[in-house]
Chemist: 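After the structure tokens below, expect a handful of questions from me.
The first residue of the sequence shown is numbered 1, and numbering continues consecutively from there.
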Amino acid sequence: MTTSKEKHIWVLSELYYPEDSATGHNITKVAEGLAASYNVSVLCSQPTYQARGTKAPSDEVRNNVRVHRCRATTLNKDVLAFRLVNLLTISVSIFFNALMKIQRGDLVLVVTNPPTLPFVVVIACRIRGAKIVLRVEDVYPDALVATGMAKANSLLVRAFSVLQRRLYSRVDQIVVLGRDMMRLVESKMIDNDTPVILITNFADSDQIAPMPRESNSLLQKLGIIDKFVIQYSGNMGRTHGIESLVQCARLLHLQEHIHFLFIGFGAKESWLKKTVRDLALGNVTVLPLQPRSDLILSLNACDLAVISFINGMSGVSVPCRMYNIMSAGKPILAVSDRESELSQVVAEENIGWVVKPEVPDLIAQAIVEASSNRERLLLMADRARTLAVKKYSLTAIQSKYKSLVESVV
């Protein structure tokens, strides 16, 4: 009889440890969880996001996972042309490594980052006789349309949509990260019976927990310990509604007890710093992304955490940062479409406020309401922490991936 350890699982992703971005961290933990029961190997690239410039070993065994980092370009992803070059070279490199290494009967878990990767991996798996599970990080070409990088009726979008439907029909299982994403993916699956399963991202509730606000050294260092702090933490990419938050800060600049703290990096980071400087917004502080080891400190450096998207992102992407915000016991201001997974969780669990994207007046109104209702904030904080521990723990999510593997194998 074949034992679990004799089953070979491959995880294919651009991002993996030491890449500490959200996707890299999550995929690393998924692979390590599976390694407790199976032989697990990873094909990934050298770091291209937060850890870009770090030279990791080409081959190593880390926490029982065999990691092979494929050769490819690692240009600055925030420059669109460079990102496209990375996308192509990483996909091609992983494709040829997959052809050489994957064997008949293996199971491959591939993510949609970069978006070209799943297409070449499907070809490799067909040639090698391996089964394939697709984990959808972002839905393309919808993400391009939402950010204005492509028109909905353009040839590029129409062609990508056709390829996307074919991709969904040629995998053995699809994993989505939210209910809104499930609806969007299923709407594209015409005459396709590929199973779609929901497995959310997880909360690092063992490492990140609430801590007393009055003793937070970051708030003390910034001189805002006595302010009502609104924090945006994480990626400042093209899909995120940074502009609305800056407009909100302008509207509330006379409310001296309210302060905005931005922590992160991404395509809009330079714009944010320049705009705050040009507008002389004294109620805004911008910090670079903090190390994951300091997340317990930085996520606790606020009274209300905000996750802000542009319009049209429902189903396209699910913010994994929400789970660690809940771990820190922070209420959430969800600036997102009401049918999004983020908005649904915040509303259903009563752990914050939901506001329509790109309406700074409504965002400001929610912030003022929150700042004047401290008792309600404390209740929301307790509910958020409990939810992170009971529903979104790492152990619970890793168990779901093990069950998924068993069902496919």
Chemist: Under 3.5 Å, is there a donor-acceptor pair between the side chain of Ser343 and the main chain of Glu339?
Modeler: no
Chemist: To the nearest 0.5 Å, what is the distance between CD on Gln365 and CG on Asp361?
Modeler: 8.5 Å
Chemist: So, does Lys330 use its side chain to make a donor-acceptor pair with the main chain of Leu299 at under 3.5 Å?
Modeler: no
Chemist: Using a strict 4.0 Å threshold on nitrogen-to-oxygen distance, state whether Lys29 and Asp204 make a salt bridge.
Modeler: no
Chemist: With rounding to the nearest 0.5 Å, note down the distance linking NE2 in His8 to CG in Asn39.
Modeler: 6.0 Å
Chemist: For the CZ atom on Arg179, are there more than 12 heavy atoms of other groups (residues, nucleotides or ligands in this structure) within a distance under 6.0 Å?
Modeler: yes
Chemist: How about Glu375: does its CD atom have over 12 heavy atoms from other parts shown lying under 6.0 Å from it?
Modeler: no
Chemist: Please check if the side chain of Thr386 supplies one atom and the backbone of Arg383 the other of a donor-acceptor pair under 3.5 Å.
Modeler: no
Chemist: Is there side-chain contact between Met189 and Val196, with at least one heavy-atom pair below 4.5 Å?
Modeler: yes
Chemist: Taking the side chain as every heavy atom from C-beta outward, state whether Gln207 and Ile296 have any pair of such atoms under 4.5 Å apart.
Modeler: no
Chemist: Take atom CZ of Arg183 as the centre, draw a 6.0 Å sphere, and report whether it contains more than 12 heavy atoms from other residues, nucleotides or ligands.
Modeler: yes
Chemist: For His240, check ring pair (Phe, Tyr, Trp, His ring centres under 6.0 Å) against everything at least two apart and list the hits.
Modeler: Phe309
Chemist: How about Val11 and Val30: do any of their side-chain heavy atoms sit closer than 4.5 Å?
Modeler: no
Chemist: Considering residues, nucleotides and ligands other than Arg250, do more than 12 of their heavy atoms fall under 6.0 Å from its CZ?
Modeler: no
Chemist: Using modelled atom types only, decide if a donor and an acceptor are shared between the side chain of Asp142 and the backbone of Val316 within a distance under 3.5 Å.
Modeler: no
Chemist: Using distance alone, with no hydrogens and no angle criterion, decide if Ser91 and Thr116 have a side-chain donor and acceptor under 3.5 Å apart.
Modeler: yes
Chemist: For Phe160, give me all partners under ring pair (Phe, Tyr, Trp, His ring centres under 6.0 Å), at least two apart in sequence or on another chain.
Modeler: Phe119
Chemist: Are the side chains of Cys320 and Asn26 in touch, meaning some heavy atoms are under 4.5 Å apart?
Modeler: yes
Chemist: Let's go through Thr28 and Val65 carefully: what are the C-alpha distance in whole Å and the side-chain angles of both, what is the deciding distance for side chain to side chain contact (heavy atoms under 4.5 Å, CB included) to 0.1 Å, and is it a yes or a no?
Modeler: CA-CA 9 Å; Thr28 299; Val65 178; over 6 Å; no
Chemist: Using residues 149-159 as the side-chain source, report each donor-acceptor pair under 3.5 Å to any protein atom, sequence neighbours left out, with the distance given to one decimal.
Modeler:
unit_1: Ser154; atom_1: OG; unit_2: Lys151; atom_2: O; d: 2.8
unit_1: Ser154; atom_1: OG; unit_2: Val157; atom_2: N; d: 3.3
unit_1: Arg158; atom_1: NH1; unit_2: Asn153; atom_2: O; d: 2.4

Chemist: Do Trp353 and Leu304 pass the side chain to side chain contact (heavy atoms under 4.5 Å, CB included) test, and can you show the C-alpha distance, the side-chain angles, and the key distance before you say yes or no?
Modeler: CA-CA 10 Å; Trp353 286 260; Leu304 179 66; 4.2 Å; yes
Chemist: For atom CZ of Arg166, decide whether the heavy atoms of other residues, nucleotides or ligands shown that lie under 6.0 angstrom number more than 12.
Modeler: no
Chemist: Report yes if the side chains of His259 and Thr285 come closer than 4.5 Å at any heavy-atom pair, otherwise no.
Modeler: yes
Chemist: Quick one, Val175 and Leu134 - any side-chain contact, counting heavy atoms below 4.5 Å?
Modeler: no
Chemist: Just how far is it from atom CD1 of Ile9 to atom OG of Ser41, taken to the nearest 0.5 Å?
Modeler: 9.5 Å
Chemist: Is the NZ atom of Lys227 crowded by more than 12 outside heavy atoms at less than 6.0 Å?
Modeler: yes
Chemist: Determine yes or no for a side-chain-to-main-chain donor-acceptor pair under 3.5 angstrom, with Ser93 supplying the side chain and Ile90 the backbone.
Modeler: no
Chemist: Charged N to carboxylate O below 4.0 Å: is that the case for Arg135 and Glu137?
Modeler: yes
Chemist: Could you go through Asp138 and Ser317, starting from their C-alpha distance and side-chain angles, then the distance that decides it, and tell me whether this counts as side-chain hydrogen bond (donor to acceptor under 3.5 Å, both in side chains)?
Modeler: CA-CA 5 Å; Asp138 299 289; Ser317 181; 2.9 Å; yes
Chemist: Kindly check if the number of other-residue, nucleotide or ligand heavy atoms within 6.0 Å of NE2 (His253) is above 12?
Modeler: no
Chemist: Could you tell me the separation between the CG atom of Leu342 and the CG atom of Leu333, rounded to the nearest 0.5 Å?
Modeler: 9.5 Å
Chemist: Set out, in order, the CA-CA distance, both residues' side-chain angles and the distance that settles side-chain hydrogen bond (donor to acceptor under 3.5 Å, both in side chains) for Glu19 and Thr48, then state yes or no.
Modeler: CA-CA 7 Å; Glu19 184 55 74; Thr48 55; 4.7 Å; no
Chemist: Any donor and acceptor pair, going by atom type alone, linking the side chain of Ser399 with main-chain N or O of Thr395 inside 3.5 Å?
Modeler: no
Chemist: Could you check whether Arg62 and Tyr16, counting side-chain N and O atoms only, form a donor-acceptor pair closer than 3.5 Å?
Modeler: no
Chemist: Checking His25 now: which residues fulfil ring pair (Phe, Tyr, Trp, His ring centres under 6.0 Å) with it, not counting sequence neighbours?
Modeler: Phe202
Chemist: Using modelled atom types and a 3.5 Å cut-off, is there a donor and acceptor pairing between side-chain atoms of Thr74 and backbone atoms of Pro47?
Modeler: no
Chemist: Can you check whether Ala209's main-chain N or O pairs, donor with acceptor, with Asn300's side chain at less than 3.5 Å?
Modeler: yes
Chemist: From Ser298 OG over to Leu287 CG, what is the distance, rounded to the nearest 0.5 angstrom?
Modeler: 9.0 Å
Chemist: Distance only, no hydrogens: is a donor on one side chain within 3.5 Å (strictly under) of an acceptor on the other, for Thr73 and Asn86?
Modeler: yes
Chemist: So, Thr194 side chain and Asp172 main chain: donor-acceptor pair closer than 3.5 Å or not?
Modeler: no
Chemist: Do the charged groups of Arg69 and Glu60 touch, with an N to O distance under 4.0 Å?
Modeler: yes
Chemist: Run Val108 and Leu12 through side chain to side chain contact (heavy atoms under 4.5 Å, CB included) and show every step you take.
Modeler: CA-CA 7 Å; Val108 174; Leu12 275 56; 4.0 Å; yes
Chemist: Is the closest basic N to carboxylate O distance between Asp106 and Arg128 below 4.0 Å?
Modeler: no
Chemist: How about Ile132 and Arg170: do any of their side-chain heavy atoms sit closer than 4.5 Å?
Modeler: no
Chemist: Within a reach of under 6.0 Å around CZ of Arg374, are more than 12 heavy atoms found that belong to other residues, nucleotides or ligands?
Modeler: yes
Chemist: Could you measure the distance from the CD1 atom of Ile310 to the CG atom of Asp337? Nearest 0.5 Å is fine.
Modeler: 9.5 Å
Chemist: So Ser314 and Glu341, do their side chains get closer than 4.5 Å, heavy atoms only?
Modeler: no
Chemist: Could you tell me whether a side-chain N or O of Ser372 sits under 3.5 Å from a main-chain N or O of Glu369, the two making a donor and an acceptor?
Modeler: yes
Chemist: Decide salt bridge (Lys or Arg N to Asp or Glu O under 4.0 Å) for Arg66 and Asp59; before the verdict, give the C-alpha distance in whole Å, the side-chain angles of both, and the deciding distance to 0.1 Å.
Modeler: CA-CA 7 Å; Arg66 293 187 175 275; Asp59 291 279; over 6 Å; no
Chemist: Would you please name every residue forming a side-chain hydrogen bond (donor to acceptor under 3.5 Å, both in side chains) with Lys274, sequence neighbours left out?
Modeler: Asp278
Chemist: Got a sec, which residues hit ring pair (Phe, Tyr, Trp, His ring centres under 6.0 Å) with Tyr323, two or more places apart in sequence or on another chain?
Modeler: Tyr392
Chemist: Taking NZ, NE, NH1 and NH2 as the nitrogens, is one of them in Glu406 or Lys402 under 4.0 Å from a carboxylate oxygen of the other?
Modeler: no
